[in-house]
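Accompanying notes for the structure given below.
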Amino acid sequence: MSDVTVDIEDVKADSDHVMVDVHGVHKSFGPLEVLRGVDLRVRAGEVTVILGPSGSGKSTLLRTINHLEKVNSGWISIDGELIGYRRSGGKLHELKEKDVLKQRTHIGFVFQNFNLFPHLTVLENLVEAPVSALRRPRGPSEEKARRLLDRVGLAEKTDAYPRQLSGGQQQRVAIARALALEPKVLLFDEPTSALDPELVGEVLDVIKDLAGTGTTMIVVTHEIGFAREVADTVVFMDGGVVVEQGPPAAVLDAPRHERTRAFLSKVL
Ligand code: ADP
Ligand code: MG
């Protein structure tokens, strides 16, 4: 187990409003430094869209937020709680796997490729984690699962298996499954990139609805129209750093950096 010394005096600062706080995060894979000092703050109830070219470190950043990847330096907190570490005597000590898993239940993750359990029905996909990870009673968990499936427009599919659903339906199930754990924040890694074009809209509509109900979200996507309409903040990453960030109108329509302009000219 590795211990790291870091300055975490302001971990709790603004924790009444800041839900996700990424502070000076560096991450390398061997000699390759993929995150080169990333700072990011997401306020409760806000939607942050991350844009950036392939290889810029977007997925790695999301994976560090729920501690699927360990950082080399810096720290991350969710709702004022350090992720992956506890502080003691000015040092950070890695949490035990079981405590990391517990923290992860507060962080919903929606992947590009849905990652549903293929051998479980839609309903069971939603009930599995609340019952086995959180030890919630089955009856209320099923009721909640049905409500969530209704919310994403899939009330009729409770007994279907993932292979019987379209990609758009599978992704909506994945979103409902993430919500079943009542996460403090939902992370989306290119949630529509694996979908046929005609199915993208139904998934974006579900995410848009969630934004309207005050769910805190970080969405990595290339859907600029969605960013413009739904994001409170647009973050442009390149080469493992945040190049610029701000309201959609500023970053998308009047980017200050050449790298942002070059990227947007390719995707718009
Ligand atoms: P993005 O999501 O913006 O496309 P990634 O975060 O997936 O970027 O990747 C950033 C860089 O890190 C890429 O060069 C990628 O090859 C590298 N990388 C990502 N994960 C690993 C890993 N587990 N081992 C080695 N290199 C990795
Ligand atoms: Mg990626």
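Counting convention: from 1, in listed order, for ligands and their atoms alike.
Not counting sequence neighbours, the partners of Asp205 by the salt bridge (Lys or Arg N to Asp or Glu O under 4.0 Å) test are Lys208. Every residue was checked against the salt bridge (Lys or Arg N to Asp or Glu O under 4.0 Å) condition with Glu97, not counting sequence neighbours, and none meets it.
Judged by distance alone, with hydrogens and angles left aside, the side-chain atoms of Lys58 form a donor-acceptor pair with the main-chain N or O of Pro53 at under 3.5 Å. At least one donor-acceptor pair under 3.5 Å links the side chain of Glu244 to the backbone N or O of His257. Listed for the Gln103 side chain is a donor-acceptor partner under 3.5 Å among the backbone atoms of Leu82.
Side-chain N/O atoms of Thr213 and Arg151 include a donor and acceptor closer than 3.5 Å.
Salt bridge annotation for Arg136-Glu142: absent, with no cationic side-chain nitrogen under 4.0 angstrom from a carboxylate oxygen. Using a 4.0 Å cut-off between charged side-chain N and carboxylate O, Arg228 and Asp253 make a salt bridge.
Ring orientation note: the planes of Phe263 and His222 are tilted relative to one another, at an angle of 30° to 60°.
Excluding waters, the set of protein N, O or S atoms lying under 2.8 Å from the Mg ion (ligand 2) comprises Ser59 OG.
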Starting from the N and O atoms of ligand 1, find every protein N or O within less than 3.5 Å and list the pair with its distance.
unit_1: ligand 1; atom_1: 2 (O); unit_2: Ser59; atom_2: N; d: 2.9
unit_1: ligand 1; atom_1: 2 (O); unit_2: Ser59; atom_2: OG; d: 2.9
unit_1: ligand 1; atom_1: 3 (O); unit_2: Ser56; atom_2: N; d: 3.2
unit_1: ligand 1; atom_1: 3 (O); unit_2: Ser56; atom_2: OG; d: 3.4
unit_1: ligand 1; atom_1: 3 (O); unit_2: Gly57; atom_2: N; d: 3.1
unit_1: ligand 1; atom_1: 3 (O); unit_2: Lys58; atom_2: N; d: 2.9
unit_1: ligand 1; atom_1: 3 (O); unit_2: Lys58; atom_2: NZ; d: 2.8
unit_1: ligand 1; atom_1: 4 (O); unit_2: Gly55; atom_2: N; d: 2.7
unit_1: ligand 1; atom_1: 6 (O); unit_2: Thr60; atom_2: N; d: 2.9
unit_1: ligand 1; atom_1: 6 (O); unit_2: Thr60; atom_2: OG1; d: 2.6
unit_1: ligand 1; atom_1: 8 (O); unit_2: Gly57; atom_2: N; d: 3.2

